[in-house]
A.B. asks: 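Below is the structure I would like to discuss, written out as structure tokens.
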Amino acid sequence: MEVLRDLSADISSLNDGIQRLQAIRAKLYENLNQIQHEYLIIQGIQWLQARGYTGDGVEWYWNPRQTGDSREPDLLAKK
């Protein structure tokens, strides 16, 4: 996380400090959101597999951090 790598840099003003905190908060928020998204996708895979949506020739594709539309699904199984 590039924002967190710069934590050791000096802060010379209150405004710099506020901007640094905003950048850290935004980056951490996005990562926490993505972790939840990835977890739900894994739960979806497990749910599908438990109900027999597996087998020979099934290929799973996932893109947990994508922000596309229905042409770019988060989870896709092809036979």
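Just so it is clear, the model here is predicted, and its values are computed rather than measured.
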A.B. asks: So, taking the atom named CG in L14 and the one named CD in Q19, what distance separates them when rounded to the nearest 0.5 Å?
C.D. replies: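 If we round to the nearest 0.5 Å, L14:CG and Q19:CD are 10.0 Å apart.
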A.B. asks: Once rounded to the nearest 0.5 Å, what's the spacing between atom CH2 of W47 and atom CG of L40?
C.D. replies: 14.0 Å
A.B. asks: Restricting to non-hydrogen atoms, name the atom on D74 and the atom on H37 that form the minimum distance, rounded to 0.1 Å.
C.D. replies: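 The pair with the smallest heavy-atom distance is OD2-NE2, 2.8 Å.
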A.B. asks: Would you kindly confirm whether I42 and L48 end up in one hydrophobic cluster when ILVMFWY residues are joined by side chain heavy atoms under 4.5 Å apart?
C.D. replies: yes
A.B. asks: Taking atom CG of N33 and atom CG of L28, what is their separation to the nearest 0.5 Å?
C.D. replies: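 N33 CG to L28 CG: 12.5 Å, rounded to 0.5 Å.
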A.B. asks: Output the distance between atom CH2 (W60) and atom CD (Q49), rounded to the nearest 0.5 Å.
C.D. replies: 5.5 Å
A.B. asks: Could you pull out the closest heavy-atom pair between V58 and A77, with the gap in Å?
C.D. replies: CG1-CB, 4.1 Å
A.B. asks: Side chains of Q34 and E38: any donor to acceptor distance under 3.5 Å?
C.D. replies: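 Judged by distance alone, the side chains do not pair up.
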A.B. asks: First locate atom CD of E30, then atom CD1 of I35, and finally report the distance between them rounded to the nearest 0.5 Å.
C.D. replies: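 Answer for the CD-CD1 pair, E30 versus I35, is 10.5 Å.
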